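Heads up, the thing below is written out as structure tokens.
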Amino acid sequence: MKRVLSRFWGFSTKHRQHILNQRIVERTSARNVAVLTAAGIGTSIGAYQLIDTARAGILDGSDDASRHNVTTDHKLTKRELRFLQFASVEYDDVIYMSPMDFIDSLTLDAPRERVYRRVLKEKDIQRILKKTPPFRSGGKHFFRTMDQSGIISYSEYIFLLTLLTKSKAAFRIAFLMFDEDDNGNIDRDEFMLIRSLTSSLRSTTRVQPSTASDEEDRRESCQLDAADYHFAVSRIGADRLFTGADSYAVMFTKSEEEVRKQDTTLLLHLFGLRGNATLSFDEFQQFYENLQEELMEIEFYEFARGKTAISPVDFARLILRYSIVNFDDYHKYLQRVQEKSDDDEPGISLSQWATFSRFLNNLAEFQSAVRLYVNSNVPVSEPEFARAVGCTIGKELDPVVVSMIFRIFDENNDGTLSYPEFLAVMSDRLHRGLRGRLEKPWGWKPFKNCVISEVSRA
């Protein structure tokens, strides 16, 4: 079951690294050296040589984990980085988003200005969670209404992103996978399976000294703080650094299993404060549609700039917002639209944008429908494009929207567009630039990496 779900759910850095180097050299006590020696690292001279090697160039690269004060044993993914960039809440060393953080992460290029994440205590969490409305009181303003009064875990963030990129057909499949006992309803325990698919993102800031006296006490006691520990583990390896009962987990107040059981705003909203409510397919679909409509409205009003319609150029900006195109090509798109548009054009209305958003959520089905065109790289006209969209979502796009799309992608002014380019940009738009680029498990590069790995073991 977990395997199926996981498949579906698809200071400056250098200054901080310098501080970490200094701390490890300054704070490594006789006990720390003894631990390193017992683990096979060597004497204090060996430990110093390791730090010296790091200074020589190993640490020259960027360290996203240190910058975001998070512990991790792998390179952070695009989605993890986006989550950490906007998450503004910490509780029991775990990093959470607020409902508004989630909206901001999908509609803003950078988070709102703040100094640190809010570190909440248990009484704060209880007070916030009590404000969670029941499911029947939700709607397409749920996340905006909750604002900062709530917490969303990283696994729930991935779940919500998935809902925003799936068609109704794919959503039904997701519901069936959740409904493990096939009774037509999803309960709390079934929904919490998503938490077993990803680990929580743990913060290192709680144990940082808050005053000068705390820092002095820490220096005198020669203890490593969490950031120093993360540095040592990432460079030496947890299996070599500690043996026996010593573990990185001792720095945290809750185990991973306890964190997965933590109540969150989304959990209480869907299944009630007591956790005994269930969701039928229609109710779950209503939540799915509300989420998509809420984000669609937010983006529309952002680009409408207080008007009732989005101008042609702003519509192009909205379409290209998350696409991976270089700076020069981006401005060529906008210039092309501006040259082909009149000042008095009505623009794109909210209902027209809603239909186009629905088309985006069915992009996979649309791509399958036009596979022959894509493989042959055959350009298509506006009527052909409109019919293909109509076959996919059961409703043709408004001619105004189709005309706008062709202004953006018709590079040589021949009244046609190329599907490969269009689909590539739309895919980036749908996934908001967070879709991972997976390497093929075959070919020369994987083979070369395999040979290098085997030779290094010899």
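Please read these numbers as outputs of a predicted model, since none were measured by experiment.
- In plain terms, the two heavy atoms of Glu190 and Glu180 that are nearest each other are OE2-N, 3.2 Å.
- Between Phe385 and Val402 the shortest heavy-atom distance is CD2-CG1, 4.1 Å.
- Side-chain contact between Arg117 and Leu84 is present, with heavy atoms from C-beta onward closer than 4.5 Å.
- In this structure, Ser105 contributes its side chain and Phe102 its backbone to a donor-acceptor pair below 3.5 Å.
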Checklist line | Evaluation steps, side-chain contact (heavy atoms from CB on, under 4.5 Å), between Leu430 and Asn361 | finding: CA-CA 7 Å; Leu430 173 63; Asn361 287 109; 4.1 Å; yes
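- Within the 3.5 Å criterion, the main-chain N or O of Asn276 finds no donor-acceptor partner in the side chain of Asp187.
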Notebook entry, point to check: Would Leu129 and Ile151 count as a side-chain contact (heavy atoms from CB on, under 4.5 Å) if you check the C-alpha gap in whole Å, the side-chain angles of each, and the deciding distance to 0.1 Å?
Noted result: CA-CA 8 Å; Leu129 292 180; Ile151 56 173; 4.2 Å; yes
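- The main-chain N or O of Arg202 is never found under 3.5 Å from a side-chain atom of Asp93 such that the two would form a donor-acceptor pair.
- Shown here are the salt bridge (Lys or Arg N to Asp or Glu O under 4.0 Å) partners of Asp410, two or more places apart in sequence or in another chain: there are none.
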Notebook entry, point to check: Between Phe159 and Phe191, does a ring-ring contact (aromatic ring centres under 6.0 Å, His included) hold up when you go through it step by step?
Noted result: CA-CA 10 Å; Phe159 164 72; Phe191 180 79; 5.1 Å; yes
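- Panel note: side chain Tyr288, backbone Lys166; a donor-acceptor pair is recorded below 3.5 Å.
- Between Phe366 and Phe422, the ring-plane angle classifies as perpendicular under the 30° and 60° cut-offs.
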Please report, to 0.1 Å, the donor-acceptor pairs under 3.5 Å made by any side chain of residues 342-358, with sequence neighbours excluded.
from, atom 1, to, atom 2, distance (Å)
Glu345, OE1, Arg407, NH1, 3.1
Glu345, OE1, Arg407, NH2, 3.0
Glu345, OE2, Asp342, N, 2.8
Glu345, OE2, Arg407, NH1, 2.9
Ser349, OG, Ser351, OG, 3.2
Ser349, OG, Gln352, N, 3.3
Ser349, OG, Gln352, OE1, 3.4
Gln352, OE1, Ser349, N, 2.9
Gln352, NE2, Asp398, OD1, 3.4
Gln352, NE2, Asp398, OD2, 3.3
Trp353, NE1, Met296, O, 3.2
Thr355, OG1, Ser351, O, 3.2
Ser357, OG, Trp353, O, 2.9
Arg358, NH2, Ile393, O, 2.9

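- A side-chain donor-acceptor contact under 3.5 Å links Glu256 to the backbone of Ser200.
- A donor-acceptor pair is defined here as one N or O able to donate and one able to accept, closer than 3.5 Å; no such pair exists between the side chain of Asp428 and the backbone of Val425.
- Under the salt bridge (Lys or Arg N to Asp or Glu O under 4.0 Å) criterion, the residue pairs touching residues 299-315 are Glu299-Arg321, Glu299-Arg429, Glu299-Arg432, Glu302-Arg321, Arg305-Asp314, Asp314-Arg317, with sequence neighbours excluded.
- For residues 262-289, the pairs satisfying salt bridge (Lys or Arg N to Asp or Glu O under 4.0 Å) are Lys168-Glu289, Arg188-Asp263, with sequence neighbours left out.
- Remark: Arg195 pairs with Glu156 by the salt bridge (Lys or Arg N to Asp or Glu O under 4.0 Å) rule, at least two apart or across chains.
- Side-chain atoms of Ser427 do not come within 3.5 Å of backbone N or O of Leu423 as any donor-acceptor pair.
- For the pair Asp101 (side chain) and Ser98 (backbone), a donor-acceptor distance under 3.5 Å is present.
- Side-chain atoms of Asn183 come within 3.5 Å of backbone atoms of Asn185 as a donor-acceptor pair (strictly under, hydrogens ignored).
- For the atom pair NE2 (His269) and OG1 (Thr132), the distance works out to 9.0 Å, reported to the nearest 0.5 Å.
- When all heavy atoms of Leu108 and Phe86 are compared, the pair lying nearest together is O-CZ, 3.7 Å.
- Using a distance-only test at 3.5 Å, with no hydrogens or angles considered, no donor-acceptor pair links the side chain of Arg118 to the main chain of Val89.
- Taking Phe281 as the reference, Phe171, Arg172, Phe175, Gln285 meet the side chain to side chain contact (heavy atoms under 4.5 Å, CB included) condition, with sequence neighbours excluded.
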